[in-house]
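For reference, the structure is listed below as structure tokens.
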There are 2 protein chains.
Amino acid sequence: MLGDKTRLAIVKSVFEQECCVCEFVAIFDMSQPAVSQHLRKLKDHGIVKERRSGQWIYYSMNTDYPYYAFVQQLVNHLPSQREGMSNLQQDSCCEN
Amino acid sequence: MLGDKTRLAIVKSVFEQECCVCEFVAIFDMSQPAVSQHLRKLKDHGIVKERRSGQWIYYSMNTDYPYYAFVQQLVNHLPSQREGMSNLQQDSCCEN
DNA sequence: TCATTTTATAAGTATATGCTTATATATGCA
DNA sequence: TGCATATATAAGCATATACTTATAAAATGA
């Protein structure tokens, strides 16, 4: 599941902060359906959870995930995604 | 690289002890070429190293691998392979 | 209610990946 | 030297995986 580069980056991101779908589309420069499909898989595995707010859907880490601590250790070895996140502010769709 | 189940199990094994190719073939119940190909990839990535002793080739963890500590953390979360290893003794080809 | 926006889903496709089969290489031993 | 054993490599194939395109669903706002 986390062998996929994009999904691993998504998980790293949601570990740092709740993210909107549109932010992933912008950051990873991927099509919206491609992003949605990765999010779906992560959600189905119980790794992330979603929260709807109006038109937007935000994803965050599911702290109840059985391997939460393990994933945390894992992503601690990856470079932060914050920079990329904060760089797009205006560009992306949601208010974040 | 470590997203593959077999390769992850191989790495777990060589972390615990140096292993012969034939042992992997026996434990994972896989064809010899399939095992060899996984070992080749792990070796090419510098994760494991090989040592020839007569007809047999033994693989072990490469302690110089840059992400050695990370991989160690990772495999610590996996169940030990020792049991499977010790259960085959006579069956496999090498003297181990 | 209708158009727009955001996201999800479904279906099709291209590529990556891991396997099998066949063969080569290397070592040991008679 | 010739054969057996252990392993590596190459080529082909089947399947898994991640993408694209098209469409549906849900919410917003005029």
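No hydrogens, no waters, no symmetry mates; every other heavy atom, side chains included, goes into these values. All chains are named by letter (A, B, ...) in the order of the sequence lines, taking the proteins before the strands, and each is independently numbered beginning at 1.
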Once you round it to whole Å, what is the distance between [atom2] of [N] and [atom1] of [X]?
X       : N      : atom1 : atom2 : result
B:Leu8  : C:dG18 : CG    : C1'   : 16 Å
B:Gln32 : C:dC19 : CD    : C1'   : 13 Å
B:Ile57 : C:dT27 : CD1   : P     : 9 Å
A:Arg51 : C:dT7  : CZ    : P     : 12 Å
B:Met30 : C:dT21 : CE    : P     : 13 Å
A:Phe24 : C:dT7  : CZ    : C1'   : 13 Å
B:Trp56 : C:dT27 : CH2   : P     : 13 Å
A:Lys5  : C:dT15 : NZ    : C1'   : 16 Å

Let me know, please, whether A:Val35 or B:Arg52 comes out on the 5' side of the other along DNA chain D by nearest nucleotide. B:Arg52
Report the residue (A:Gly3 or A:Gly54) whose heavy-atom-nearest nucleotide on DNA chain D is the more 5′ of the two. A:Gly3
Relative to each other, are the rings of A:Phe28 and A:Phe24 parallel, tilted or perpendicular (30° and 60° limits)?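 Geometry flag for A:Phe24 against A:Phe28: parallel rings.
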What's the shortest heavy-atom distance between B:His38 and B:Thr6, and which atoms?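 Scanning both residues completely, I find the closest heavy atoms to be CD2-CG2, 3.8 Å.
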Ignoring hydrogens, what is the shortest heavy-atom contact between A:Leu39 and A:Val48? Give both atom names and the distance.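 Minimum heavy-atom contact is O-CG2, 4.3 Å.
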Within residues 36-47 of chain A: residues closer than 4.0 Å to DNA chain D (heavy atoms): A:Gln37, A:His38, A:Lys41
DNA chain D: 5'-most and 3'-most nucleotides touching chain A, 4.0 angstrom heavy-atom criterion: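 The contacted stretch runs from D:dA18 to D:dT28.
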For the cysteines A:Cys22 and A:Cys93, is the SG separation below 2.5 Å? yes
Given the options B:Lys49, B:Lys43, B:Glu50, B:Glu23, B:Tyr59 meets side chain to side chain donor-acceptor pair (under 3.5 Å) only with B:Glu50
Atom pair CG (B:Leu2) and CG (B:Leu42), whose distance is rounded to the nearest 0.5 Å: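 These two atoms lie 7.0 Å from each other.
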Under a 3.5 Å cutoff, is there a donor and acceptor pairing between the side chains of B:Ser13 and B:Gln17? no
Counting only side-chain nitrogens and oxygens, does B:Ser31 get under 4.0 Å of the OP1 or OP2 atom of C:dC19? no
Please report whether the ring centroid of A:Phe70 lies less than 6.0 Å from that of A:Tyr65.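 For A:Tyr65 and A:Phe70, the ring centres are not under 6.0 Å apart.
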Enclosure of A:Asp44 CG (heavy-atom neighbours >12, cutoff 6.0 Å):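 Atom CG in A:Asp44 is packed in, count exceeds 12.
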Taking the side chain of B:Asp4 as heavy atoms from C-beta outward, which of C:dC19, C:dT9, C:dG18 is closest to it?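 Among the listed nucleotides, the one closest to the side chain of B:Asp4 is C:dG18.
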